[in-house]
Amino acid sequence: MQQIINFILRYKITLLYLILLIISLAFTVQSHSYHRSRYFNSANWLSGSIYNTMDDISNYFSLGEINRQLLEENLRLRSLLYNADVKDSMELDTVALNYTLLSARIIKNSYSNQDNYITINKGENQGVKQDMGVITALGILGIVEKTSNNYAAVQSILNTKSNINAKIKGTNNFGSLKWNTKRFDEVQLEDIPRLVKLLVGDTIVTGARSSIFPENIPIGTIKKFDLNTSQSSYNIDVQLFNDMTNLKNVYIIDNPSRVEILELENELNNDR
Amino acid sequence: MTGSRYFINTLRFTLLVLVQVLVFNRLNFFGFINPMIYILFLYWYPIKENRAVFIGIGFLLGFVIDIFSDTLALHAAATVSIAYLRPTIMRFVFGINYEFQSFKLSNTTRAQQITFLALLIVAHHVIFFTLEIFSLPNLLLILKKVIFTGMGTLILCLLFSSLFSVQKE
């Protein structure tokens, strides 16, 4: 006993170091499983409010650019509206809506790490929940991973854990969208079968199999494609529409029927 | 005297964290270089302090940076490691000298200071990027990030340390 105590006393610094190192490694490793690291992220009030204050200040310097982007988006939406075959009075019944939208502002962006997270200034109090989709005017951005009262951390598509259902526009050939961490303006689309005819420049949009994103939200265009090692499906490099380094205003998509879809799928899995 | 020392270290801690997360984490020089200047805290921290406290503070510093930059506990692991390794590095750089009562960082040569800082940075970055990327096939990527980010960190740390150098008595 005496010797054990002596041992501990002699190596107390090393032991302290090892304990702290193991704690930090444990945090790192456990977060590789989905949705586990919910307490330690930039969506808490301290970092959230600091980022928010900083953003309030720096916002003034980019107002012109943001205005221009919003104007362009409005232009596109209006041209859609006037050219579409719309009845005189629009339906305003919210029960009939499939998706509801919230707007938010990015207060912290990141794109140079392996696992990038974006912090936005809306949280549970404003109705943001885990697993809602986040898009910009140009294309998809990511999925809400964690929320606090007033902020939310979004898992960007530039994240090794990201996995989103996507397809070639106009077809129903879908694959999964991942990121190989090499470039922040490119993501990879995998599992598109070999039979599909591809062309460089084809548009990639979100697929219908996701209960998070509506179908046909733009993602990017095909930049390059190769057959994978087993020669059975394509690996496609997708050039993103979004400039991931310069983002400000985002929309959060809520799919009210998602709960129902998930319940149904769970029942299926349980029956099996 | 002790009071002012605590005050200075707390102030340094807060300012370095804020500068790191608000400025240098979004620098993205050449697309990926984000210098980690908060390592300066460990460079400046008094030498004759309790080691256990120092390691604890190192962990805390890394952890606060982690919370801000959504990196889990990667900064914490790297920072606690260099806090632990610091006496070894100092003995290597300054020789037996540094164990004397009168030893001061400002009394050493410029070359020694730079070596000390560079070794801290290299150790920190190697641990950080190895844990972040965590795959052997990407060894080249790890090396690339360590070398370039390390150079960025070193240059900025040297600039900062000459700006805010401890006045010579």
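Just the heavy atoms: all of them, side chains too, but no hydrogens, waters or symmetry mates, feed the values below. Lettering of chains follows the sequences in order, A, B, ..., and the numbering in each one begins at 1.
When every heavy atom of S24(A) is checked against every heavy atom of A73(B), the shortest pair comes out as O-CB, 3.3 Å. Taking every heavy atom of both residues into account, S81(B) and L21(A) meet most closely at OG-CD1, 3.6 Å. Taking both residues in full, the closest heavy atoms of N34(B) and S112(A) are given as ND2-OG, 3.1 Å, listed atom of the first, atom of the second, then distance.
Listed for the E132(B) side chain is a donor-acceptor partner under 3.5 Å among the backbone atoms of Q114(A). Although no hydrogens or angles enter the test, the distance criterion places no donor-acceptor pair under 3.5 Å between the side chain of Y51(A) and the main chain of L22(B).
By the 4.5 Å heavy-atom criterion applied to side chains, F27(A) and D66(B) are not counted as neighbours. By the 4.5 Å heavy-atom criterion applied to side chains, I118(A) and D70(B) are not counted as neighbours. At least one side-chain heavy atom of I55(B) sits under 4.5 Å from a side-chain heavy atom of I13(A). Residues L16(A) and R51(B) form no side-chain contact, since every pair of their non-hydrogen atoms from C-beta on lies 4.5 Å or further apart.
With a 4.5 angstrom heavy-atom cutoff, L18(B) touches chain A only via side-chain atoms. Looking at T71(B), the atoms closer than 4.5 Å to chain A (heavy atoms on both sides) all sit in the side chain, from C-beta outward. For L20(A), the parts lying near chain B are the backbone and the side chain together; criterion is any non-hydrogen pair under 4.5 Å. For I22(A), no part lies under 4.5 angstrom from a heavy atom of chain B. At a 4.5 Å heavy-atom cutoff, L18(A) makes no contact with chain B through either its backbone or its side chain. Proximity to chain A (any heavy atom under 4.5 Å) is shown, for V64(B), by neither the backbone nor the side chain.
By the neighbour-count criterion of 12 heavy atoms within 6.0 Å, atom CD of Q231(A) is densely surrounded, having more than that number from other residues, nucleotides or ligands. Counting non-hydrogen atoms of other residues, nucleotides and ligands closer than 6.0 Å to CG of L140(B) gives a total of 12 or fewer.
Taking the six-membered ring for Trp and the full ring otherwise, F184(A) and F32(B) have centroids separated by 6.0 Å or more. Aromatic rings of Y17(A) and F59(B) (six-membered ring for Trp) have centroids beyond the 6.0 Å cut-off, not under it.
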Next on the checklist: With side-chain hydrogen bond (donor to acceptor under 3.5 Å, both in side chains) as the criterion, how do Y84(B) and T14(A) come out once you've worked through the C-alpha distance, each side chain's angles and the decisive distance to 0.1 Å?
Outcome noted: CA-CA 8 Å; Y84(B) 175 71; T14(A) 313; 3.1 Å; yes

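Donor-acceptor pairing under 3.5 Å is lacking for the side chains of N25(B) and S110(A).
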